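Here is the structure we will look at.
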Amino acid sequence: QVQLVESGGGSVQAGGSLRLSCIGSKYSNCMGWFRQAPGKEREGVASIYLESGITNYADSVKGRFTISRDKAKNTVYLQMNSLKPEDTAVYYCAAGTPLPLESLRSSEYNYWGQGTQVTVSS
């Protein structure tokens, strides 16, 4: 089993930045970030393969968010810039072995963190 712990959430004004961190208890093939706002479906935000560094992003965050990893620490980060009110959600870290074209689908991950709240005000 893999335990995941997220941190770095908070409240910022529109246009601001936050950096989320997720520490895994052991190596995972791929780690990703998902988010869910009240009344909305869970959305894949970004993913990264730990060894290769290959990434995938949702269209809604391309150019604003950057996912990175420290494979020696089993840790991933999500740098979020130019935040918008619609980015407000609980952000979850996940680990699994998805295929590249499926790496933003929540069903492809079997380990999840507890979530961290991100709130962006206008």
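Quick note: numbers below take in every heavy atom, side chains included, and nothing from hydrogens, waters or symmetry partners. Quick caveat: nothing in here was measured; it's all calculated off a predicted structure.
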*If you count the non-hydrogen atoms of other residues, nucleotides and ligands that lie under 6.0 Å from CZ in R64, is the total more than 12?*
yes
*Is a side-chain donor-acceptor pair under 3.5 Å present for E102 with S107?*
no
*Given F65 and N81, is the side chain to side chain contact (heavy atoms under 4.5 Å, CB included) satisfied, shown in steps?*
CA-CA 6 Å; F65 292 9; N81 298 327; over 6 Å; no
*Can you get from I48 to I54 by hopping between Ile, Leu, Val, Met, Phe, Trp and Tyr side chains that sit under 4.5 Å apart?*
no
*Flag the pair S47 / Y57 as yes when at least one side-chain heavy-atom distance between them is below 4.5 Å, and no otherwise.*
no
*asked:* R35 vs V61, test: side chain to side chain contact (heavy atoms under 4.5 Å, CB included). Steps then yes/no.
replied: CA-CA 12 Å; R35 66 187 183 186; V61 306; 4.1 Å; yes
*Checking Q13 side chain against S121 main chain: does a donor-acceptor pair fall under 3.5 Å?*
no
*So, for L20 and G9, which heavy atoms are closest and what is the spacing to 0.1 Å?*
CD2-N, 3.6 Å
*Does R69 count as lying over the ring of Y77, i.e. NZ or CZ under 6.0 Å from the six-ring centre, within 45 degrees of the axis?*
no
*asked:* Rounded at 0.5 Å granularity, tell me how far OH in Y92 sits from CD in E6.
replied: 8.5 Å
*Flag side-chain contact, heavy atom, 4.5 Å: Y111 against Q1*: yes
*Any Y91 side-chain heavy atom under 4.5 Å of Q36 side chain*: no
*S103 versus Y49: any side-chain heavy-atom pair under 4.5 Å?*
yes
_Value rounded to 0.5 Å, distance of OG in S28 from NZ in K71_ = 14.5 Å
_Evaluate T88 against Q117 for side chain to side chain contact (heavy atoms under 4.5 Å, CB included), listing each step before the verdict._
CA-CA 8 Å; T88 296; Q117 177 70 46; 4.0 Å; yes
*Mind checking whether V45 and L78 have side chains closer than 4.5 Å, heavy atoms only?*
yes
*Could you give me the CA-CA distance, side-chain angles and deciding distance for V118 and L18, then say whether side chain to side chain contact (heavy atoms under 4.5 Å, CB included) is met?*
CA-CA 8 Å; V118 171; L18 285 172; 3.8 Å; yes
*Any side-chain heavy atom of C93 sitting closer than 4.5 Å to one from V76?*
yes
_Restricting to non-hydrogen atoms, name the atom on M31 and the atom on A95 that form the minimum distance, rounded to 0.1 Å._
CG-CB, 4.2 Å
*If a pair satisfies disulfide bond (SG atoms under 2.5 Å apart) and one of its residues is in residues 23-66, list it, with sequence neighbours excluded.*
none
*From R19 CZ over to S7 OG, what is the distance, rounded to the nearest 0.5 angstrom?*
9.0 Å
_Verdict with supporting geometry, K84 and D87, salt bridge (Lys or Arg N to Asp or Glu O under 4.0 Å)_ = CA-CA 5 Å; K84 304 175 181 179; D87 295 319; over 6 Å; no
*Give me the one residue out of T75, D70, N74, L4 that meets side chain to side chain contact (heavy atoms under 4.5 Å, CB included) with I23.*
T75
*How about E108 and L99: do any of their side-chain heavy atoms sit closer than 4.5 Å?*
no
_Taking ring pair (Phe, Tyr, Trp, His ring centres under 6.0 Å) as the definition, give me every residue that meets it alongside F34, ordered by chain and number, with sequence neighbours left out._
Y109, W112
_Tell me whether Q3 at atom CD has more than 12 heavy atoms from other residues, nucleotides or ligands lying less than 6.0 Å away._
no
*Can you measure from CH2 (W33) to CE (M80) and round to the nearest 0.5 angstrom?*
8.0 Å
